[in-house]
Amino acid sequence: MTTVSAGLLAFVVALVGVRVVEIVSRARNVLDQPVSRSSHTVATPTLGGIGIVLGTWAAAATGNLTDTQLSILVAGTAVAVVGAIDDLRSLAPAVRLALQLAISLAFAVRLEPALTLALPWGPATVSGPAAIALTTTVLVGIVNVWNFMDGLDGLAGGTTVVVALGLLAAGAPAIGLIGVAGATLGFLVWNHHPASIFMGDAGSTFLGFVLAASALSAGDAAGPATFGFVALPFVLDAGVTLVRRGVARKPLLTAHREHHYQRLADAGVDHRSVAALYVGASALSAVAAESYIAGDVVARFAVILAVAIAWVAYMASVRWAERRPRSADRVLRSRVEGA
């Protein structure tokens, strides 16, 4: 009941907190104005992540946090503060990245990780400076992946809940993840399409950091492996898009509308369906993670091959959706939804 109560408290605090942030933001005209790359057409508050952070901390206050769990939330909150400043004042990409890197490095040094990686042919342990470097790189990478993928109503929030529950099942530190799951569900009450508020960089970067840090501090191979699979829909979308933009010599840190989920929405698929697709893909990836962890070498390579085939099929389906003829009704509906 303690776990259930913590999650419920996080839900309620976030539910109320996000609504209060929305009211204050509208009263003070602190709104995200739609531009050409936006997926919304109406000026919308974008500091809902504050409610998520408050809800997560409320859940954490109900239990006895270990030093590592406390460090995760403190560092995650510091990343969220950087995100909130960016939401309000638009930090230069290089400055934002440098601050994220500094916070992630400080956390990695504090954690002194010894990472066990579940490679297909067997476990591998990384420790010392190499583990610190790997931890820092993963944290900064996932923080930005979650930020990049927070572009449609319910997409990042719904996927976050699935990832948090997957990590809990894998034995990752519980109290922070319970708070994240409960608080994000409270936020989603206001963020389902059409959303009345967005989580903003404050919310997406906080969630990305806490999820990745919880996985890396799980203490065995199950945490990183589970996270690697359950977060794969986001990681592949962001990673492939960055590679494509890099090859085309386009800026990697500036906002755009070239992610697969954005292209799918632009092709006329409604926002709820796109969000549900990614949430469902994360849930299926959790099943793949269990098969991978429990399997032998052959089974692990089979899982990797199945995931690769599924991703190639998805990319092909996005291209097909972009090329199919679109009726005037679908075009109008897409524009109304903000595609």
Side-chain angles (χ1 to χ4, degrees), residues 2-18 21 47-63 65-66 68-81 83-84 103-104 107 138-139 142-143 145-147 149-150 154-191 197-218 223-224 226-228 230-231 233-234 278-279 282-283 285-286:
T2 301
T3 299
V4 174
S5 298
L8 182 60
L9 178 62
F11 174 84
V12 173
V13 170
L15 181 71
V16 175
V18 171
V21 169
L47 290 172
I50 294 174
I52 295 176
V53 175
L54 292 176
T56 303
W57 273 103
T62 66
L65 295 178
T66 65
T68 296
Q69 292 171 335
L70 180 60
S71 296
I72 290 173
L73 291 184
V74 170
T77 303
V79 170
V81 170
I103 295 168
S104 298
F107 171 79
V138 170
L139 289 173
I142 295 299
V143 161
V145 164
W146 245 251
N147 187 24
M149 296 300 291
D150 178 33
L155 177 62
T159 300
T160 290
V161 173
V162 173
V163 174
L165 294 178
L167 288 174
L168 283 170
I175 191 65
L177 293 172
I178 287 293
V180 161
T184 304
L185 284 171
F187 166 76
L188 283 171
V189 172
W190 309 111
N191 184 246
I197 189 170
F198 305 142
M199 68 172 66
D201 288 5
S204 61
T205 56
F206 173 78
L207 293 175
F209 187 95
V210 173
L211 291 173
S214 296
L216 293 172
S217 62
T226 298
F227 181 75
V230 184
F234 271 22
Y278 277 79
V279 173
S282 291
S285 296

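In this chain, residues are counted from 1 in sequence order. As a basis for the values below, the full set of heavy atoms in this structure was taken, side chains included, without hydrogen atoms, waters or symmetry mates. Keep in mind that this is a model prediction, so the values were computed, not measured.
Minimum interatomic distance between V53 and A80 (heavy atoms only, all atoms of both residues): CG2-CB, 4.0 Å. When all heavy atoms of I175 and A59 are compared, the closest pair comes out as CD1-O, 3.4 Å. Minimum interatomic distance between L139 and A212 (heavy atoms only, all atoms of both residues): CD2-CB, 3.8 Å. Residues L15 and W190 come closest through the heavy atom pair O-NE1, 2.9 Å. The nearest pair of heavy atoms linking V13 to A58 is CG2-CB, 3.8 Å. The minimum heavy-atom distance between M199 and A156, with the atom names listed, is CE-CB, 4.1 Å.
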Applying side-chain contact (heavy atoms from CB on, under 4.5 Å) to I103 and V143, what does each step give before you reach the verdict? CA-CA 11 Å; I103 295 168; V143 161; over 6 Å; no

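Put simply, OG1 on T56 and CZ on F206 are 4.0 Å apart, with the number rounded to the nearest 0.5 Å. In this structure, CG in N147 is found 15.0 Å from CZ in F209, a value given to the nearest 0.5 Å. With rounding to the nearest 0.5 angstrom, the CZ atom of F107 is 7.0 Å from the OG1 atom of T68. One distance of note links CZ of F11 with CG of L188; it measures 9.5 Å at 0.5 Å rounding. Taking CE from M149 and OG from S204, the interatomic distance works out to 11.5 Å, rounded to the nearest 0.5 Å.
Annotation: side chain of T160 is not in contact with side chain of I52 (no heavy-atom distance under 4.5 Å). Between V163 and F234, every side-chain heavy-atom pair lies at or beyond the 4.5 Å cut-off. Side-chain contact between I72 and S217 is present, with at least one heavy-atom pair separated by less than 4.5 Å.
Residues satisfying the side-chain contact (heavy atoms from CB on, under 4.5 Å) criterion with V138, sequence neighbours excluded, are L134, I142, L216.
Looking only at distances, a side-chain donor or acceptor of N191 sits under 3.5 Å from a matching main-chain atom of G154. The closest donor-acceptor contact from the side chain of T226 to the backbone of G223 lies at 3.5 Å or more, if one exists at all. With hydrogens and angles ignored, the 3.5 Å screen pairs no side-chain donor or acceptor of D150 with any backbone N or O of L155.
In summary, the side chains of W146 and T159 do not present any donor paired with an acceptor at a separation below 3.5 Å, with no hydrogens or angles considered.
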Pairs of donor and acceptor atoms involving the side chains of residues 176-187, under 3.5 Å and at least two apart or interchain, shall be tabulated with distances.
residue: T184; atom: OG1; partner: V180; partner atom: O; Å: 2.6

